[in-house]
Amino acid sequence: MQDYLKGLNERQKEAVLHVDGPLMIIAGAGSGKTKVLTTRIAHLMAIGVDAFNILALTFTNKAAREMKERIEHILGNNEARNLYIGTFHSVFARILRGEAPRLGYPSNFTIYDTDDAKSVIKAIVHELNLDDKHYKPNTVYNRISNAKNALVTAQEYVNDYAIQQEDLRSNRPAIGKIFEAYAKRCFRNGAMDFDDLLVKMYELLKYFPEALSKYQRKFKYILIDEYQDTNTAQYEIIKLLGAMHENVCVVGDDAQSIYSFRGATIQNILQFQKDYDDVKVVKLEQNYRSTQNILNVANEIISNNKGQIEKTLFTENVTGEKIKLIRTISDNDEGKFVADTIQEQKLRNHFHNKDFAILYRTNAQSRAFEEALRRMGIAYTIYGGISFYQRKEIKDYISYLRVLVNPDDEEALKRIINYPARGIGKTSVDRIILAANEHNISFWQVLERAREFGIRGATLESVENFVVMIKSFTSMLNHKNAYDVAVHVGKQTNFVRELFNDKSAEGVARYENIQELLNSIKEWVEGSEEEFIINDGEEAITEGITNESADGITDQNEGSVPAPEETSERQDKSLGAYLQQITLLTDADNKSTDADTVKLMTIHAAKGLEFSCVFAAGLEESLFPNAMSINTREELEEERRLFYVVVTRAKQRLWISYANSRYRFGSLIQNEPSRFINEIPEEYLDKSNAGSASRSGFGMSAFERMRGGSFGGNARSATRMAEKRYGPPPGRRDDAAPAYTGVKPQTRVKEHQPSADFAPSDTSGLQAGQKVEHQKFGFGEVVKVEGSRQNPVAMIKFENNGEKKIMLNYARLRIIG
DNA sequence: TACAGTGCTTTTTTT
DNA sequence: AAGCACTGTA
């Protein structure tokens, strides 16, 4: 028996040893999915399948990188580098780089990220004279994106009766027009957005039989990770690619399907057995990750959902601790509690920072945790939010490079044409756009012939200088490498000097970011592998811009269209390849995971990861489940799967926390505990830090209410008990209140017992002077109503709790008079 | 044309 | 709270 099969259970072995024919692996959380996938690929290679003939698709770059490393480790050679392994988007981008000319796109097509795409939409809404309040870029983009992910073209969109009716009903009948204009504009700009990478790949296979046959023959074995998260476009592509050999292996867990908002259809995995004859199905049900308590809770949660593939996860691990339920007064206290607990666990149970993860539903929640951790001096890493490449200064700099590679890229041109300022203002830009649209040529083509299109005087001179400058950069690409060109561009445009002269804290940070970017380009040019990581936070490279340019590594191929053969395709170190690559990198891809830091991220971002200790934060109604996702059973079930995902990230210990109130857009809102908490059986819960009442305010004794809320007796005596067991926590006097209650006198809420007939009133006409009752803050008088009509905010002076700003869209108020 | 000040909107998850 | 668009002034 081969070595690599040792340590696999029977099911896992079965999956690994299955070679030919369709295979579906239903892999429960923590059941060794990645191990099976990587071992199976290694096995295929061990029995003689050429690495060049294996395609493995994942959803994150990190997963791809990890798989490649593990396969290399198993095989002990470098063959794994020949695998076609990566995210759907990056693999397709790589293929399309060779094939785009068939579709009328340049090889050096630009990839538009979400910001670029929204910016195009915004411009189009403006050009079509539509109301931008009504046609918000976000809304329109999502609608278009959903269409594309379902392989609906702009033409089909406008001609589809049902779709048109739907848009009519939502009073946005022009979306189809915008879609058409958007598609046309992207094409004219030589640009594909994220969804296009899937759509164009599909069209390539569908309309070019020789391309289809080429890739069908090439990819004899196809493996898809996280199959439950594939959308229609991805599904159809896989079906086409796999049709010849039918060696399609999909791995997934319907219980972890959490991307339907991106067009994923759970049907893909539920129906897989109908897509091919003779599908082999293997279920991996033994969990190697979590304690029994954690797993039991997970099983209980998911049992509330309907329509799943039947499976029962079990484990031979220890029972473990109960899940700790935490109630705090505010979001800041939640942060404090978590930071305190991490400190405590580190000292008592010898955990390291990297053993902890704080997971939440929305990125906005990270702030309270950041602050608390910083105050405690605990190192942390935040994932998500704006990625490195989305920072303004980076994007501006990259826009220069984008223009060199693809001058038709209008979005990039608009960013840089007057930055740094060169006297080509908004009026001139608008005129250029008008001319471009009128003659259906690109923005750049208008610039090149500016005089013909009525640009005059000083502006004409500026435009002509700009064109000459860009052309001089472009010609440099023929004999200098990407790094040297980038450095040169920074110098010539004064771009870097401007940032260098800005000595404010942000200015210095921006300058350092630019250095980091140049560093990453250098690594790309010199690097042996196509994978690379930016050293975040590490010393910034001081050479480069400030020094004279480094020695040019001459690359004759720079800027020219690369041959679509795999050798050159793989070693393509051109600027164009670099730009396409980085657009598909996410924040997580630039951060190393093994640093000894506490990890903060959304639950979505945490899928596929595991941690010894997990804090599932913000378990509150309207936050989690999110208010946006409780309108249908499907949405709610997806939120529940999300809860399942967060619970199953934990190996040993799990805390579930919620706050009674938190700030949202500057004003305070109250939330009930999440309904999901009630789905956890009591026997697995440790509620000693959850306060006495499971529901706010109700069921408390008069004594407790007088103590100022439910943090009175129970929480405190429970802490005492804990302290008896573990000794006093560090840095806290024995008689001090538990730190996480963190009740500052001015923020302490005097709990109010709502009147028996309390029922929220319609507050749409609320005016100053009216008397109201608030469920928690009690009686008060409206001082003023401000904010907008859509989002009114009332300033209310409460008898017992002072003045508070309350958002009327969220608050429950009873109008008394 | 450029910038500063002001008021208004933001309400999820991500390749 | 924060970012963005709009307005008014230099």
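Worth knowing before you read on, the calculation uses all heavy atoms, side chains too, and leaves out hydrogens, waters and symmetry mates. Chain letters run A, B, ... following the sequence lines, proteins first, then strands; residues in each count from 1.
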- Message: Looking at A:F194, I'd like to know if the NZ or CZ of A:R262 sits under 6.0 Å from its six-membered ring centre while staying within 45 degrees of the ring's axis.
- Response: no
- Task: Describe the nucleic acid contact of A:T58 in one word from base, sugar-phosphate, nothing, applying a heavy-atom distance below 4.0 Å.
- Result: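 If one applies the 4.0 Å heavy-atom cut-off, A:T58 turns out to touch nothing in the nucleic acid.
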- Heavy atoms of A:N513 and A:F388 approach each other most closely as O-CZ, 3.5 Å
- Item | Nucleotides bounding contact with chain A, strand DNA chain C, heavy-atom threshold 4.0 Å |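 Nucleotide range in contact with chain A: C:dA1 to C:dA5.
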- Query: Does any donor atom in the side chain of A:T110 or A:N406 lie under 3.5 Å from an acceptor atom in the other side chain?
  - Reply: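 Indeed, the side chains of A:T110 and A:N406 share at least one donor-acceptor pair under 3.5 Å.
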- Message: Within the 3.5 Å criterion, strictly below it, is a donor on A:E621 or A:N671 matched to an acceptor on the partner's side chain?
- Response: no
- For A:K133 and B:dT10, what is the distance between atoms NZ and C1' respectively, to the nearest whole Å? 13 Å
- Message: Using whole Å, what does the distance between atom P of nucleotide B:dA2 and atom OH of A:Y419 come to?
- Response: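 Between P of B:dA2 and OH of A:Y419: 13 Å.
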- Query: For the ring pair A:F369 and A:F615, is the centre-to-centre distance below 6.0 Å?
  - Reply: no
- Query: Mind checking whether A:F59 and A:H604 have ring centres under 6.0 Å apart?
  - Reply: no
- Query: With distance as the sole test, does A:D195 use its side chain to make a donor-acceptor pair with the main-chain N or O of A:K148 at under 3.5 Å?
  - Reply: no
- Message: Could you spell out the base pairing of DNA chain C as a dot-bracket line? Use Watson-Crick and G-U wobble contacts where both distances are under 3.5 Å, [ ] for crossing pairs, | for partners on a different strand.
- Response: ||||||||||
- Message: Tell me which one of A:T583, A:D409, A:D196 satisfies side chain to side chain donor-acceptor pair (under 3.5 Å) with A:Y112.
- Response: A:D409
- Query: With a 4.5 Å heavy-atom cut-off, do A:S520 and A:Y578 have their side chains touching?
  - Reply: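 Yes. Closest side-chain heavy atoms under 4.5 Å.
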- Is there side-chain contact between A:N231 and A:L198, with at least one heavy-atom pair below 4.5 Å? yes
Identify all pairs in which a protein N or O lies below 3.5 Å from an N or O of nucleotides 12-15 of chain B, and state each distance.
| residue | atom | partner | partner atom | Å |
| --- | --- | --- | --- | --- |
| B:dT12 | O2 | A:R361 | NH1 | 3.0 |
| B:dT12 | O2 | A:R361 | NH2 | 2.5 |
| B:dT12 | N3 | A:S629 | OG | 3.4 |
| B:dT13 | OP1 | A:N363 | N | 2.9 |
| B:dT13 | OP1 | A:N363 | ND2 | 3.3 |
| B:dT13 | O4' | A:R361 | NH2 | 3.3 |
| B:dT13 | O2 | A:R361 | NH2 | 2.7 |
| B:dT13 | O2 | A:H604 | NE2 | 3.4 |
| B:dT14 | OP1 | A:T602 | OG1 | 2.8 |
| B:dT14 | OP2 | A:N363 | ND2 | 3.4 |
| B:dT15 | O2 | A:H89 | NE2 | 3.0 |
| B:dT15 | O4 | A:T114 | OG1 | 3.4 |

